[in-house]
Amino acid sequence: MAEWIDAKPKNKAAAWLEERLPVIGLVNNVVGVDTPTPRNLNYWWNFGSLAGLMLMVQIISGIVLAMHYTPNTLMAFDSVERIMRDVNYGWLIRYMHANGASFFFIAVYIHILRGLYYGSYKAPREVLWMLGLVIFLLMMATAFMGYVLPWGQMSFWGATVITNLFSAIPVVGDSIVTLLWGGFSVDNPTLNRFFSLHYLLPFVITGVVILHIWAKKVSDSGNPLGIDVKSSADQIPFHPFYTVKDAFGAAVFFAIFALFLFYMPNALGHPDNYIPADPLVTPGSIVPEWYFLPFYAILRSITFDIGIPFTDVVIIPAKLLGVIAMFAAIIVLFFLPWLDRSKVRSGKFRPMFRWFFWFLVIDMVVLTIVGGKKPEGIWPVIGLIGTAYYFAHFLIVLPLLAKFEKTLPLPESIANPVVKAAE
Amino acid sequence: MSTINETIEGEEGATRRDFLHVAATGLGGVGAVMAAWPFIDQMNPAADTLALATVEVDLSAIGVGEAIKVMWQGKPIFIRHRTAKEIEEARSVDMSELVDKQSDAERVQEGRAEWLVVTGICTHLGCVPVGTSDGEDKGDFGGWFCPCHGSHYDTAGRIRKGPAPKNLAVPTYAFLNDTTLQIG
């Protein structure tokens, strides 16, 4: 565990300030650029800082867009088009913000999968993991509300479908939906409040990110071997070693980001959102942004009621069950530290877990594809199987693996990673 | 040990203090909830939103077998001039086949069975089903089809297949005369 270190700045002015307000020590203790860090972090460890950078890109570009955007149903679409055509570099900043959301999710999804593979959720990092999931939930809410703001067809109908999820709640569902809308349909009051919250939530995310980094500082970084740091020989200072590695990763990541930004800025979007919102016409197919597709597939996969067999009594209607399944898909991750009780953290030393990890990744890809298809023919069946497998992975496979899997011998230390053959 | 004894001995005096604590905290809590309510209720529909008037629709232009869409309270309303065959189809369905059991007669006004008036919002997740305009997919039961998640409605606007739990809602409406309908 990291200890609280008193920073004694060498600079006189800084020392003077530190005596009166120990802010340098606070920042150093929470973020800890000098922190000793495991020496064996691979490139999968880059995606945390990349996500942080994308958060900054989104906040800066978003603040600028808010200076030109009008949150009113009559003017929102036109104000976005004005940003695209008339505002100096408006096209660049808006494309940066729209594609930035996608790249933020790319970084975060890889970051989460890294955590799943290397067991980053296991003791003593449970709180660190759960704070990350809170960030993920906040990001989804923020991205959803941001997508509504241009007031195109997908904005309007996406907002309608997602807010209607809450109508599945028994008894109070419809009142909650009216409360969310501020009317009897998605309309101007809805757009106004979404704009307000879309501006607020990124700063809430920033706050939770600080807690997330602090929790990482307290429980130390994990590492690809998943074993604890034994001595200083296992560590190197974060700066300059990982600052340089992160900077290199960021250059590569931003190069790919730039490729989308400048050469295919609409590849990840939906053309229907360039049609102004029309409450009387639902688009042929409502498709969420790609990063929501697996959860959308889970929502749609459930088309059967749960009731008492051989009677008409319905206990949980299909609509509510679908909504429960979708939220449960994320809630289950909060319980992951207690579902996977295997003492070995890293998938590197878990030969069976490794297979199932990749099955889960394939399952997520399949669900992403299903989420983008019309619910016809074979797709709902595949969606249902994919949903069942998703939950089976966390609720059945992981607990059983922890019991029956024969793990490989762990290395002695990070500095001495080669396991000596038994003599 | 002495501290425990002291607490017991001091119980008489602490009771009054405890009471004040509980009373003050309780009242403060009530105050906090009351202060929070305006901030929650401001999200509900405002007075001007609630004051949305009724809508009058001229039915004379809708031929038999045709349907139109009108806006009411920001929502689409489907008005369908049904053919005798469509009414017959809706009336001949066995109730046991229905998800949300309602007879056709319950969903239209007596003597005006040719007019079906329903809210054009899918009861699944709020999309507008297609099937009102000519050439649109009317679904497997000749009524409406919701393209979002594949719900099929019949010629009485009842859910027959797909994830939607309920029939299309019937709004409050009245015939002012043979060709004028008032919604709301």
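By convention in this document, chain letters (A, B, ...) are assigned in the order of the sequence lines, proteins followed by strands, and residues within each chain are numbered from 1.
In terms of heavy-atom pairs under 4.5 angstrom with chain B, the leader among A:Pro380, A:Ala318, A:Pro279 is A:Pro279. Counting heavy-atom pairs closer than 4.5 Å to chain B, the top-ranked of the candidates A:Leu280, A:Val323, A:Ile286, A:Val177 is A:Leu280. Between chain A and the options B:Pro147, B:Pro45, B:Pro129, heavy-atom pairs under 4.5 Å are most frequent for B:Pro45. Interface check for chain A: of the options B:Gly120, B:Gly126, B:Pro165, the most heavy-atom pairs under 4.5 Å are formed by B:Gly126.
Pairs passing the salt bridge (Lys or Arg N to Asp or Glu O under 4.0 Å) check and including a residue from residues 169-184 of chain B, sequence neighbours excluded, read B:Arg112-B:Asp178.
By the side chain to side chain donor-acceptor pair (under 3.5 Å) test, B:Ser103 pairs with B:Glu106, sequence neighbours left out. Considering only residues two or more places apart in sequence or on other chains, B:Cys122 meets the disulfide bond (SG atoms under 2.5 Å apart) condition with none of them.
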**OP:** Please lay out, stage by stage, how B:Gln109 and B:Val117 fare under the test side-chain contact (heavy atoms from CB on, under 4.5 Å).
**Re:** CA-CA 10 Å; B:Gln109 292 193 356; B:Val117 182; over 6 Å; no

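More than 12 heavy-atom neighbours from other residues, nucleotides or ligands sit within 6.0 angstrom of CZ on A:Phe203. Shown here is B:Met95, whose CE atom has more than 12 heavy atoms of other residues, nucleotides or ligands within 6.0 Å.
Between the CD1 atom in A:Ile302 and the CG atom in A:Leu321 there is a gap of 4.5 Å [rounded to 0.5 Å].
Aromatic ring centres of A:Phe144 and A:Phe292 lie farther apart than the 6.0 Å criterion allows.
Contact of A:Ile162 with chain B is not made at all, since no heavy-atom distance falls under 4.5 Å.
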Quick one: donor-acceptor pairs under 3.5 angstrom, chain B versus chain A?
| residue | atom | partner | partner atom | Å |
| --- | --- | --- | --- | --- |
| B:Met43 | O | A:Arg193 | NH1 | 2.9 |
| B:Met43 | O | A:Arg193 | NH2 | 3.0 |
| B:Lys69 | NZ | A:Leu280 | O | 2.7 |
| B:Gly74 | O | A:Ser185 | OG | 3.3 |
| B:Thr123 | O | A:Lys319 | NZ | 3.0 |
| B:His124 | O | A:Lys319 | NZ | 2.9 |
| B:Leu125 | O | A:Asn164 | ND2 | 3.1 |
| B:Val128 | N | A:Thr282 | OG1 | 2.5 |
| B:Val128 | O | A:Thr282 | OG1 | 3.2 |
| B:His149 | NE2 | A:Tyr296 | OH | 2.8 |

